[in-house]
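Reviewing the structure listed below.
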Number of protein chains: 2
Amino acid sequence: MQKNSEFIDKLRTSGLRPTRQRLKICELLFNRDKTFHFTINDLARNISEKLNEKISLATIYNTVHAFKKKGYLKEITINSDKSYFDTNITNHHHFYDEDTNQLIDCNNNEIGKVKIKNNITGKKINSVEVLVRVASDIQNQN
Amino acid sequence: MQKNSEFIDKLRTSGLRPTRQRLKICELLFNRDKTFHFTINDLARNISEKLNEKISLATIYNTVHAFKKKGYLKEITINSDKSYFDTNITNHHHFYDEDTNQLIDCNNNEIGKVKIKNNITGKKINSVEVLVRVASDIQNQN
DNA sequence: GTCTAATTTATAATGGTTCTAAACTAATGT
DNA sequence: ACATTAGTTTAGAACCATTATAAATTAGAC
Ligand SMILES: [Mn+2]
Ligand SMILES: [Mn+2]
Ligand SMILES: [Zn+2]
Ligand SMILES: [Zn+2]
């Protein structure tokens, strides 16, 4: 629910030039009611479907990584061959539905606070992430 | 701390033929005091260093995946470009040291039990994994 | 030993990601 | 407005971890 001029400011204050391509990607990613998860592939498909202007794949990679670096996106890794980006940049945990390959945010009340009793000496905790893998109750015999 | 005949039994009862290659890999992975984490690359290097017999890379992949499927290994995904295998197949959590790229097991007393208050309806929880990313306390200004 | 299906192997193919270097463009200054 | 420069985009090549292929080998059964 942001508008173009806000994205321009946001990019400028991040030291990123508000190019046509970046603004388009901002609209697709952040001009929404709800946060969501996407793969680079999802985004590329989205762009070629919804936009009548082409954005090169290299630019899509560049932009997503730039946005991640600036903290506008988080990366969630499920397995080696599935990496999602998350427009929800708050600390939160995930359910991963192994039947549908869907990544679902946990509400704060769904998973209790993780208590870390002993951290590694001399190290700072950067993040604590819980991934709950779920699958259909019945046919669970692959 | 197992011996060859035990590996043969283990493989046979899993429906895997105890081939020379699989037994060598069993020795490298399971004939130890402590469990550990490794990448395919680590294992391949280990094999070519410690063994005077070559095992093809395809076989290494095949074997690791077969062992994972049978539940003798777990896969831990850190980011899209780093996947570790774990000979500790019990439920446990991890610290990941972003300075040294080391994956470290949490003892059960280091992280409290994760409380999942609401699961997704009709789904069964397959695993609950916590990953705590840590880094040096000081120079944390990339 | 013979037979058969499982396994190993070298090598090719795949595919997602990164690199390259040339073309383009946003920003700044005059 | 124009010139200059650094940042950005782009197509395509390169990269590289993983998977597929298909032929050779081997384990287990008879
Ligand atoms: Mn990345
Ligand atoms: Mn895998
Ligand atoms: Zn999320
Ligand atoms: Zn572990």
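Letters A, B, ... are given to chains in the order of the sequence lines, protein chains preceding strands, and every chain is numbered from 1. Values below: every heavy atom of this structure, side chains too, minus hydrogens, waters and symmetry copies.
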Using atom NZ of A:K69 as one end and atom P of C:dT18 as the other, report the distance to the nearest whole Å.
12 Å
Between C1' on C:dA23 and CD on A:Q21, what's the gap in Å once rounded to a whole number?
13 Å
With side-chain contact (heavy atoms from CB on, under 4.5 Å) as the criterion, how do B:I120 and A:D97 come out once you've worked through the C-alpha distance, each side chain's angles and the decisive distance to 0.1 Å?
CA-CA 9 Å; B:I120 295 170; A:D97 186 331; 5.7 Å; no
What contact category does B:T59 fall into here, base, sugar-phosphate, or nothing, at under 4.0 angstrom with non-hydrogen atoms?
base
Considering only D:dG28, C:dT18, D:dA6, which nucleotide approaches the side chain of A:H65 most closely?
C:dT18
Given DNA chain D, 5'-ward residue of the pair B:A58 and A:I60, judged by closest heavy atom
A:I60
Could you check whether B:D81 gets within reach of a base, just the sugar-phosphate, or nothing at all, counting any heavy atom under 4.0 Å?
nothing
For B:N62, which contact category applies under a 4.0 Å heavy-atom criterion: base, sugar-phosphate, or nothing?
base
Among A:K68, A:K74, A:H37, which residue satisfies the side chain to side chain donor-acceptor pair (under 3.5 Å) criterion with A:D86?
A:H37
Nearest-Å distance for atom pair CG/C1', residues B:N79 and C:dG16:
15 Å
Looking only at side-chain N and O atoms, does B:R22 come under 4.0 Å of OP1 or OP2 in C:dT8?
yes
What is the nucleic acid contact for A:K54, judged by heavy atoms within less than 4.0 Å: base, sugar-phosphate only, or nothing?
sugar-phosphate
Please state how far atom CG in A:L16 lies from atom C1' in C:dA26, giving the value in whole angstrom units.
13 Å
Residue pair B:E75 / A:S80, side-chain donor-acceptor N/O under 3.5 Å
yes
Using whole Å, report how far CG of A:L51 lies from P of D:dT9.
14 Å
Separation of C:dA10 C1' from B:I55 CD1 (nearest whole Å):
15 Å
Per the side chain to side chain donor-acceptor pair (under 3.5 Å) rule, which among A:T35, A:D105, A:N107 passes with A:H92?
A:D105
How many whole angstroms separate atom CZ of B:R12 from atom P of D:dA29?
7 Å
Of B:Y61 and A:T19, whose nearest nucleotide on DNA chain D comes first from the 5' end?
A:T19
Take atom CZ of A:R17 and atom P of C:dC24, then tell me their distance rounded to the nearest Å.
16 Å
Testing D:dA11, D:dT18, C:dT17 for proximity to the side chain of A:S56, the answer is D:dA11
Yes or no on side-chain contact (heavy atoms from CB on, under 4.5 Å) for A:K123 and B:F95, after CA distance, side-chain angles and deciding distance?
CA-CA 11 Å; A:K123 299 281 176 177; B:F95 289 105; over 6 Å; no
